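Worksheet for the structure shown next.
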Amino acid sequence: MGGRGGGEENEEMNVSLKGLSRKLEEFAKERNWEQYHTPRNLLLAMVGEVGELSEIFQWRGEVAKGLPNWEESDKEHLGEELSDVLLYLIRLSDMCGIDLDEAVTKKIVKNAIKYPAPKGK
Ligand SMILES: Nc1ccn([C@H]2C[C@H](O)[C@@H](COP(=O)(O)OP(=O)(O)OP(=O)(O)O)O2)c(=O)n1
């Protein structure tokens, strides 16, 4: 990693839901994996990754915010599994024809109506 090429690559990588969605589309197309990226397969793949994410926390007991006592390698692993869940979620949404930007924006508004903040805070 590093070097000029890597930096340019990162700049091109648009880390927005839409940008990631396009990246994943390209990734699947280049490998001829579109045939496998059906909604059900993607859902199962995402749940599998949630399992891998859970394994990281398994048997550790309660974990303090910021994971202060964790090895860097465990934190890196955690970042990878969180990313896998996010990437499959984005791809699943795309393959279901759901605009996640729009859906998540609407849902945040809906949550605020359902759970209003106490007055005077
Ligand atoms: N058919 C596939 C297979 C993989 N991926 C992408 C999405 C995930 O980000 C990542 C998942 O890859 P792996 O199945 O190899 O899972 P891990 O990276 O978790 O590896 P491991 O299970 O060996 O820890 O690759 C994908 O888009 N479509």
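Being a predicted model, the structure only gives us computed values, none of them experimental. Throughout, numbering of the chain's residues begins at 1 and tracks the sequence. Every number for a ligand or one of its atoms is a count from 1 in the order of the listing.
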In Asp84, Val85, Leu78, the residue satisfying side chain to side chain contact (heavy atoms under 4.5 Å, CB included) with Glu81 is Asp84

Under 4.0 Å from ligand 1, residues with heavy atoms, in chain and number order, are Trp33, His37, Glu49, Glu52, Glu81, Asp84, Leu87, Tyr88

_What verdict does the side-chain contact (heavy atoms from CB on, under 4.5 Å) test give for Met95 and Thr38, after you've listed the backbone C-alpha separation in whole Å, the side-chain angles of each residue and the deciding distance to 0.1 Å?_
CA-CA 7 Å; Met95 292 302 95; Thr38 58; over 6 Å; no

Sorted by chain and residue number, the side-chain hydrogen bond (donor to acceptor under 3.5 Å, both in side chains) partners of Arg60 (sequence neighbours excluded) come out as Asp74

Residues passing the side chain to side chain contact (heavy atoms under 4.5 Å, CB included) test with Leu44, sequence neighbours excluded, are Arg40

message = So that I can tick it off, tell me whether Glu71 and Lys75 are bridged by a salt bridge, with the cut-off set at under 4.0 angstrom between side-chain N and carboxylate O.
response = no

Taken in chain and number order and not counting sequence neighbours, the residues that satisfy side-chain hydrogen bond (donor to acceptor under 3.5 Å, both in side chains) with Lys107 are Asn111

